[in-house]
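The block underneath contains the structure these notes are about, expressed in structure tokens.
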Amino acid sequence: QVQLTESGGGLVQPGGSLRLSCAASGPTFTNSNMGWFRQAPGKEREFVAAIISTGTRTYYTDSLKGRFTISRDNVKNMVFLDMTNLTPEDTAVYYCGASYYFPTTNQNRYYSWGQGTQVTVSS
């Protein structure tokens, strides 16, 4: 079991950048593959990115690849999502999750989730 807490959300201008952080606690983080999902009002929860436990491989949804970057620091027990060239379509609650699988876009294959952090892209 791993406990996750997201932070770093807020209001950002279109075209801006933002870094989201996910802090993990518990002994299983370094063995856990991690992912980011987001859910906008009125839309389905959407897979964003995943990173393997070692941090050496990543996977992105095609529409976001090149703008979003997932990374992790296993010494600090942290996973990050760096977002660039943000648009209002990126407005959503962003969640991090832990999974036994890599990669997986299926939210049902994530066994632990954070509480989410709100990202609002608006001028």
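Quick note: residue numbers are just sequence positions, from 1.
- Atom CG of L86 sits about 8.5 Å away from atom OG1 of T91, to the nearest 0.5 Å.
- Residues T58 and Y60 share a closest heavy-atom pair of OG1-CE1, 3.4 Å.
- Ring centroid separation for the pair Y111 and Y100 comes in under the 6.0 Å cut-off.
- Between the side chains of Q3 and S25, at least one donor-acceptor pair of N or O atoms lies under 3.5 Å.
- For the pair L64/V48, a side-chain contact is recorded, criterion being any heavy-atom separation below 4.5 Å from C-beta on.
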Trace of the side-chain contact (heavy atoms from CB on, under 4.5 Å) decision for S71 with R19
CA-CA 11 Å; S71 61; R19 164 169 272 203; 4.2 Å; yes
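- Going from atom CE of M78 over to atom OG of S21 covers 4.0 Å, rounded to the nearest 0.5 Å.
- The cationic atom of R38 (NZ for Lys, CZ for Arg) does not lie both less than 6.0 Å from the six-membered ring centre of Y94 and within 45° of the ring axis.
- Taking the side chain as every heavy atom from C-beta outward, V121 and Q13 never approach each other to under 4.5 Å.
- Follow the hydrophobic side-chain contacts under 4.5 Å out from W36 and you never reach F102; the two are in separate clusters.
- Counting only distance, with no hydrogens or angles, the side chain of E6 and the backbone of C22 share no donor-acceptor pair below 3.5 Å.
- Aromatic ring pairs are classed by plane angle as parallel below 30°, tilted from 30° to 60° and perpendicular above 60°; the pair Y59 and F47 is tilted.
- Residue E89 places its CD atom among 12 or fewer non-hydrogen atoms of other residues, nucleotides or ligands, all under 6.0 Å distant.
- Taken from CG in N74 to OG in S53, the straight-line distance is 7.5 Å, to the nearest 0.5 Å.
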Walk me through it: do Q39 and E46 pass the test side-chain contact (heavy atoms from CB on, under 4.5 Å)?
CA-CA 6 Å; Q39 187 166 23; E46 176 188 24; over 6 Å; no
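- Scanning all heavy atoms of the two residues, the minimum distance from S99 to R109 falls at OG-O, 2.7 Å.
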Show your reasoning for whether side-chain contact (heavy atoms from CB on, under 4.5 Å) applies to V93 and T117.
CA-CA 5 Å; V93 177; T117 186; over 6 Å; no
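- Although no hydrogens or angles enter the test, the distance criterion places no donor-acceptor pair under 3.5 Å between the side chain of T104 and the main chain of Y101.
- Between atom OG of residue S32 and atom CD1 of residue I52 there is a gap of 12.0 Å, rounded to the nearest 0.5 Å.
- Cation-pi geometry between R45 and Y95 is met: under 6.0 angstrom from the ring centre, within 45 degrees of the axis.
- For the side-chain hydrogen bond (donor to acceptor under 3.5 Å, both in side chains) criterion with R67, the lone passing option out of N85, T84, D90 is D90.
- To the nearest 0.5 angstrom, F68 atom CZ is 10.0 Å from D82 atom CG.
- Using a 4.5 Å cut-off between side-chain heavy atoms of Ile, Leu, Val, Met, Phe, Trp and Tyr, with links allowed through other members, V12 and L20 fall into the same hydrophobic cluster.
- When all heavy atoms of V2 and A24 are compared, the closest pair comes out as CG2-CB, 3.8 Å.
- Here the closest non-hydrogen pair linking V119 and M83 is CG2-CE, 3.9 Å.
- Residues T120 and S122 have side chains that never bring a donor and an acceptor to within less than 3.5 angstrom of each other.
- In plain terms, the two heavy atoms of L81 and A49 that are nearest each other are CD1-CB, 4.5 Å.
- Two rings, from F37 and W113, have their centers less than 6.0 Å apart.
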Chi angles and distances behind the side-chain contact (heavy atoms from CB on, under 4.5 Å) call for L4, S112:
CA-CA 7 Å; L4 305 173; S112 185; 4.3 Å; yes
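- Taking CD1 of I51 as the start and SG of C96 as the end, the distance is 12.5 Å to the nearest 0.5 Å.
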